Amino acid sequence: MSVYNFKASEAKWQKSWADKQTFKASEDVTRKKYYVLEMFPYPSGRIHMGHVRNYTLGDVVARYKRAQGFNVLHPMGWDAFGLPAENAAKLHDTHPAEWTYQNIDAMKAQLKTMGLSYDWDRELTTCHSDYYQHEQKMFLKFLKQGLAYRKESWVNWDPVEHTVLANEQVIDGKGWRSGAAVEKKKLSQWFLKITQYADDLLSELKGLERWPEKVRVMQDNWIGRSEGAKVFFERTDTDETLEIYTTRPDTLFGASFMAIAANHPIALDLAKDNADLKTFIQKCNALGTSQAAIESAEKEGFDTGLKVKHPFDNSIELPIYVANFVLMEYGTGAIFACPAHDQRDLDFARKYKLPVIAVVAPLDIVGTDQEQAWLDDFAQNSTEAFSDEGVAVQSEFLNGLGLKEAKAAAIAKLAEQGHGEGTVQYRLRDWGISRQRYWGCPIPIVHCDHCGPVPVPEDQLPVVLPEDVDLNVTGNPLDFHPTWKHTTCPTCGKDALRETDTFDTFFESSWYFARYTDPSSDQAFEAKKANYWLPVDQYIGGVEHAVLHLLYSRFFTRALKDCGYLDVKEPFAGLMTQGMICHETYKAADGSWLTPGEAEGRDDVTIGRSEKMSKSKKNVVDPERIINTYGADTARLFMLSDSPPDRDLDWTDSGVEGSWRYVGRVWRLFETFKNKLAALKAAQPENIDGEALAIRGRVHKTAHAVTQDLDKFHFNKAVARIRELTNTLEDFKLTDDVAQWVRREAFETIAVLINPLMPHLGEELWNMLGHTQLIAEAPWVQADPSLLIDDTVTIAVQVNGKMRGTIDVAKDCPKDEVEAQALALDTVIQAMQAKPARKIIVVPNRIVNVVV
RNA sequence: GCCCCUGUGGCGGAACUGGUAGACGCGCGGGAUUCAAAAUCCCGUUCCUGCAAGGGAGUGUCGGUUCGAUUCCGACUGGGGGCACCA
């Protein structure tokens, strides 16, 4: 028998799909739409296994939904702006555009070999002005709506690269590329007002039922809503007040000092003629933003000498410290410190010998004769703050109240006296979108000495990125371009300078899903089309985007809605986050990492545990090699077998071999029996019984179960069931007319079930069955409900909860009959040891348990 | 420190709303085919005990609820992830 020629087959069917435009999508209000989207790739030049997994998952969903009759939109494109292009361009002396477009060509060719059901006519490339011009307009619209604004803010500044670094690009306080100590620097930057939607972004999370709980929790934490109070403390030296935020207004009577951030206006003001304070502030700013630096930094403060009055008791005066642990970016940049009930405040208080006054005490101590001793001991000795639930003490009008009541009472009193009010705070900050980089979308603003920042008028858009730049400068190449930034002010006509910053590349990915709905429009997209296709029904990608990309997109969609672009506010109705691809690691005797290929055949190799595939550890497998050796279907099957999509997947050569074996096995099964099938569309025979009937039952049960599995994205289970069915059919050897009809039904079912997983093989099998249409156009299988129920069932029999045997009875057999049969079992009689049954539990069609 | 998830054979993983634990695959062992190999196919494979039939144990650990617990409840413990001077 010949062997399955996957190379010829895969090329043939890919050509067929392309020629027939099988996957071209268009709006059709008469059909239910289904929008499947995988996170678009950065065009790095070659696809990796993570892409293969991601796009396989998406393709299975797309093909399955198509078979079920949905009008499917399944597009692909390129997230093409970003720093790697600039770095690569410098390294290889090419242009970022050239490098990017070449990479896109290469990756597209690779993707085409995977047999993915994309509508390639909708392909988009974010670095093309056809795409980015629309986000310049969006930005200007946001500006008009008050959703974008300019503000001075602190950034991580790399003094060598002359650029701003994102937090994740700062490693141990140093720039990830230059290795230089990162500085905090104040820069004027553009911001988008994501905080305006904080409450909505948070509350709507509950409605995202088809999102992983994990991601919703992460976004919830990220938004970080907290309820508390603003409190105004009167200063003793001026009429001004010091405004603070606290979540524990109930502990106000335990206040022992105030702490303000190093960059708080009061501190900066005082530092003007206080050299020591200036030094202290500089020290705080030099403290890296890295987690390690923050964790290990000891609490330190600087006594300003200023004092405030306690809002509930004018006679109490509290000192103001500048403290290194107070953040300017959160709340008001100032706090009141209650050392007894906050660990940070306690650490600080012990160091600077400030009072510790407990104002909440454990429930079981309050009112007993131990109370005073506890309070005294706490004030003197405790080094651990008491932050549990308790009862308010030493707090005048709050005494005796629980935590919740005390908070409410304190806030009420503050409001009544005009000293404060209840308020809500978010951890979420506005989104800084300015980047001092070349390879991004230019921000359409002109800076005029007379008129300030002026939007570029609509008729002068787009502001196109110049191509003739010198990348070998330290800093932003756009800034060094000889002519580009020089222009005239759109308002007054005098000489002015263009903004040379570009957008954060998260900007592009925040709306690309909408552009796909109308990719060739000369507007961003037509609202009618966006409203038809959106939201994305199933979005699939890496969990590393759980917060930023997904939150920005949710915000952006709301902002677009408020600007009249479309009518939806949640972009992704369903989300699936895939796990990583892992592989064993190999280390040579000299400690260097080896690729799997290099490790083969060497005897000095230490095999390490399976870790995420990474270039640095060299434990990568090139998808192209796998597809060339085994075919796309084998690669796809491997991705879907065994591991559920959200878990990490271990890449093993033997596992791929297993998938490869299965592809050949199915093909051989069809080859073997292709002449022992009923004719195409032959009428169902009258009497199907015996083995043929049993086979039919299994076929329909499998179809039913696989459908349910695919609905829940349990691809590994679907694969297992399909394998089970093919195993069964290999043993089904009858060749009479009835058997031939049953076999055809079975084979057609298998082809349809396999198709979303392994589409080339699906087409090949369909073709072998005599079909002239593509299986990609064939409808999904419909299981016959009457074949899903057996007329006999196997029931387990237990004695005292221990399995002792099974009996076969008719379905819904009367209880006493089942009981009699169970008690007649030899193994049961033996296990009962002649003792009488005390109780017999019979669960119909399930189990019998005899208790002796 | 806080929050979330998770623990099943040598391995990846199945097991519907509490009802035959280990589907399916990998690996391993044995066999067939072959001059030999590759490829392919067949049988076995949770552990302990036994020649066998069989018996016993078993879903991280301990306890609880139940006729019956991988599944429900409590405590502990291992692993993974997120956030982190957020007041």
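Keep in mind it's a predicted model, so treat the numbers as computed, not measured.
Comparing the P positions of B:rA84 and B:rG12 gives a spacing of 32 Å, expressed to the nearest Å. B:rU71 and B:rU66 are spaced 13 Å apart, taking the C1' atom of each and rounding to whole Å. Remark: the separation of the P atoms in B:rU61 and B:rC11 is 15 Å, to the nearest Å. B:rG7 and B:rA14 have their P atoms separated by 10 Å, given to the nearest Å. Nucleotides B:rG60 and B:rG78 have their C1' atoms positioned 7 Å apart, rounded to a whole Å. The gap from the P atom of B:rG64 to that of B:rG58 amounts to 14 Å, rounded to the nearest Å. For B:rA23 and B:rU45, the P atoms lie 10 Å apart once the distance is rounded to whole Å. Look at the C1' atom in both B:rG63 and B:rC24: the space between them is 35 Å, to the nearest Å.
When distances run from any side-chain atom of A:Gln798 to the nucleotides B:rU40, B:rG19, B:rC3, the shortest one goes to B:rG19. Closest contact between the side chain of A:Met218 and the listed nucleotides B:rG82, B:rA87, B:rC85 involves B:rG82. Comparing atom distances between the A:Ser643 side chain and each of B:rG13, B:rC42, B:rC16 picks out B:rG13 as nearest.
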All N/O contacts under 3.5 Å from nucleotides 59-63 of chain B to the protein, with atom names and distances to one decimal?
none

Any chance you could encode RNA chain B as dot-bracket? Rule is Watson-Crick or G-U wobble with both distances under 3.5 Å; [ ] for pairs crossing earlier ones, | for another strand. (((((((..(((......[....)))((((((.......))))))((((....))))..(((((..]....))))))))))))....
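Using a 4.0 Å heavy-atom cutoff across all strands shown, A:Val851 reaches sugar-phosphate atoms only and no base atom. Using a 4.0 Å heavy-atom criterion, one finds that A:Arg661 contacts the sugar-phosphate atoms exclusively. Contact annotation for A:Arg225: no contact, since no heavy-atom pair falls under 4.0 Å across all strands. At a threshold of 4.0 angstrom between heavy atoms, the contacts of A:Arg344 include nucleobase atoms, whether or not backbone atoms are also involved.
Between A:Phe257 and A:Tyr321, the angle of the ring planes goes over 60°, which puts this pair in the perpendicular group of the 30/60° scheme.
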Mind listing the side-chain donor-acceptor pairs of residues 836-850 of chain A below 3.5 Å, one per line with the distance, residues two or more places apart or on another chain?
unit_1	atom_1	unit_2	atom_2	d
A:Asn845	OD1	A:Asp812	N	2.9
A:Asn845	ND2	A:Asp812	OD1	2.9
A:Asn849	OD1	A:Gly801	N	3.0

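Taking the ring axis of A:Phe325 as reference, the NZ or CZ atom of A:Lys299 stays within 45° of it and closer than 6.0 Å to the ring centre.
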